[in-house]
Amino acid sequence: IGRDPVHVQEQLDKVRAFNAELFAQGKQLEDLKKAAKELEETMQDLGADDYTLHDIKHLVKSLDKQLASVEEDVTARANVLQTALVQSQGVKEGLDGLLRWIDGAEGALNSMRPISLSEESLTEQQHELHMLQVDVDSHKPSVQSVNKSGATLIQSSDPTTAADVQDKLDDLNFRFDGVNDRCQQRADELQEVADKLKDFNDSAKKCNDWIIPTIEALESRESSIMDNQHFKQKLKEISSESADKENEIERLRNVARDLVESPKTGNAARINETM
């Protein structure tokens with residue numbers, strides 16, 4: 001790590017660029033997890049042995065663990081560089097730099113779209129927030145460092161300079177806590193919608209897995225040539241199953257209503273189409 005602020009900034013920019021690449025790889029890993037789950041289900045239907053299924057799970061877990069390890073290393077490196085940058089700049093310049101950064105962080109939060117009701121877009125929103133949270137976390141040591149240096153400067157400065165530094169420190173600390181709180185709130189909201197959306201999609205799939213084959217059975221050639229007695233018995237069985245499914249359909253309606261009517265969510269076209 002260099003001592004010159006320009007050199008440190010160059011290193012920090014490289015780490016952030018690499019972090020952006022990690023973000024893209026994270027989205028690919030989510031796609032891989034979904035593909036692996038579908039593959040496991042297909043392999044189970046085909047009677048694959050436990051060893052083959054374990055092999056798929058092990059590969060995904062291994063990649064997940066490796067990516068998390070790299071993310072942890074990059075975050076640690078960014079923390080060190082960010083702190084070194086502030087320390088190399090001096091109190092006033094470091095303070096001004098952190099206040100410019102907080103402007104950008106607040107802008108990023110303000111520009112975030114309503115929570116998507118598409119699993120793919122929602123996952124992307126979660127990754128975007130994760131990137132911002134990592135950035136916020138990487139600035140915590142810098143904020144602590146500038147507070148410490150600022151306190152020393154205030155004690156040795158004239159009243160006007162001391163008051164100016166104190167005002168900027170108070171502004172930085174208040175807004176930094178606000179950004180951190182808003183990131184956590186957004187993460188909680190995204191996770192809440194993600195859980196409900198997964199519940200909705202899983203339940204809708206189960207319903208379709210029953211409805212579609214049932215319609216096909218009713219419209220099949222075998223049904224059309226049944227005698228009246230057997231056809232009535234078939235309808236009675238389907239009617240009984242329908243009554244059992246109605247409770248699940250009603251629960252699905254309630255989950256859909258919660259998702260669509262929430263002030264936090266956006267485009268509900270896919271939910272409405274599914275219902």
Side-chain angles (χ1 to χ4, degrees), residues 5 8-24 26-27 68 70-116 121-154 163-195 262-266:
V8 178
Q9 184 64 60
E10 289 174 353
Q11 291 177 298
L12 189 57
D13 289 342
K14 288 180 180 179
V15 170
R16 286 173 176 165
F18 185 72
N19 204 22
E21 186 178 340
L22 276 179
F23 170 65
K27 291 194 290 185
V70 175
E71 286 179 342
E72 186 178 337
D73 289 344
V74 171
T75 300
R77 181 70 173 174
N79 288 351
V80 173
L81 284 167
Q82 184 61 51
T83 304
L85 179 62
V86 171
Q87 291 173 344
S88 67
Q89 288 174 329
V91 177
K92 289 185 179 181
E93 190 178 349
L95 249 176
D96 290 340
L98 286 171
L99 286 169
R100 285 193 297 273
W101 166 78
I102 209 81
D103 286 339
E106 289 172 339
L109 281 166
N110 292 337
S111 64
M112 286 185 173
R113 299 158 293 155
I115 300 175
S116 175
S121 298
L122 177 54
T123 299
E124 186 173 335
Q125 287 180 317
Q126 287 179 310
H127 278 296
E128 288 172 350
L129 180 66
H130 175 68
M131 286 287 290
L132 179 58
Q133 184 66 68
V134 168
D135 190 30
V136 172
D137 290 343
S138 75
H139 280 79
K140 284 181 182 178
S142 302
V143 172
Q144 293 169 352
S145 176
V146 83
N147 270 280
K148 185 177 179 180
S149 302
T152 302
L153 179 62
I154 288 170
D164 181 54
V165 172
Q166 186 63 62
D167 287 344
K168 287 185 177 181
L169 283 174
D170 291 342
D171 185 34
L172 173 65
N173 292 328
F174 177 77
R175 293 167 67 189
F176 184 82
D177 288 342
V179 166
N180 208 30
D181 291 343
R182 288 177 64 187
C183 283
Q184 185 58 57
Q185 181 182 358
R186 174 76 171 179
D188 292 342
E189 292 172 351
L190 286 169
Q191 190 57 54
E192 180 185 355
V193 172
D195 291 342
S262 171
K264 306 166 191 170
T265 59

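Checked by atom type, the side-chain pair Gln166/Asp170 shows a donor-acceptor distance below 3.5 Å. Side-chain atoms of Asp181 and Gln185 form no donor-acceptor pair, as typed in the model, at a separation below 3.5 Å.
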Using side-chain contact (heavy atoms from CB on, under 4.5 Å), reason through Leu81 and Gln9 one step at a time and then give a plain yes or no.
CA-CA 8 Å; Leu81 284 167; Gln9 184 64 60; over 6 Å; no
Show your reasoning for whether side-chain contact (heavy atoms from CB on, under 4.5 Å) applies to Gln184 and Asp188.
CA-CA 6 Å; Gln184 185 58 57; Asp188 292 342; 3.0 Å; yes
Let me see the working for Leu169 and Ile154 under side-chain contact (heavy atoms from CB on, under 4.5 Å), right down to the final yes or no.
CA-CA 11 Å; Leu169 283 174; Ile154 288 170; 4.0 Å; yes
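Panel note: side chain Gln125, backbone Leu190; no donor-acceptor pair is recorded below 3.5 Å. With hydrogens and angles disregarded, no donor-acceptor distance shorter than 3.5 Å links the side chain of Gln144 to the backbone of Thr83. A donor-acceptor contact shorter than 3.5 Å links the side chain of Ser149 to the backbone of Ser145. With Asn19 contributing its side chain and Val15 its backbone, the two residues share no donor-acceptor pair below 3.5 Å.
In this structure Lys14 satisfies the salt bridge (Lys or Arg N to Asp or Glu O under 4.0 Å) test with no other residue, sequence neighbours excluded. Shown here are the side-chain contact (heavy atoms from CB on, under 4.5 Å) partners of Ala108, two or more places apart in sequence or in another chain: Leu132. Among residues two or more places apart in sequence or in another chain, the salt bridge (Lys or Arg N to Asp or Glu O under 4.0 Å) test is passed with Asp96 by Lys168. Annotation: salt bridge (Lys or Arg N to Asp or Glu O under 4.0 Å) contacts of Glu128 (sequence neighbours excluded): Arg113. Legend: residues meeting side-chain contact (heavy atoms from CB on, under 4.5 Å) with Ser138, ordered by chain and number and at least two apart, are Ala78, Asn79, Asp135. Residues passing the ring-ring contact (aromatic ring centres under 6.0 Å, His included) test with His127, sequence neighbours excluded: Phe23.
Ring geometry for His139 against Trp101 counts as parallel: the plane angle stays under 30°, on a 0 to 90° scale with 60° as the upper cut.
When every heavy atom of Val146 is checked against every heavy atom of Gly94, the shortest pair comes out as CG2-C, 4.4 Å. Across every non-hydrogen atom of Val136 and Cys183, the tightest pair is CG2-SG, 4.2 Å. Contact between Ser121 and Ser116 at its shortest, heavy atoms only, is CB-OG, 3.2 Å.
Side-chain contact between Leu22 and Met131 is absent, with no heavy atoms from C-beta onward closer than 4.5 Å. Annotation: side chain of Arg182 is in contact with side chain of Asn110 (closest heavy-atom distance under 4.5 Å). At least one side-chain heavy atom of Arg77 sits less than 4.5 Å from a side-chain heavy atom of Gln11.
For the atom pair CG of Leu98 and CD1 of Ile102, the computed distance is 8.0 Å after rounding to the nearest 0.5 Å. Rounded to the nearest 0.5 angstrom, Lys140 NZ and Gln82 CD are separated by 14.0 Å. Rounding to the nearest 0.5 Å gives a distance of 4.0 Å between CG of Asn173 and CG of Asn147. Rounded to the nearest 0.5 Å, atoms CZ (Arg186) and CE (Met112) are 5.5 Å apart.
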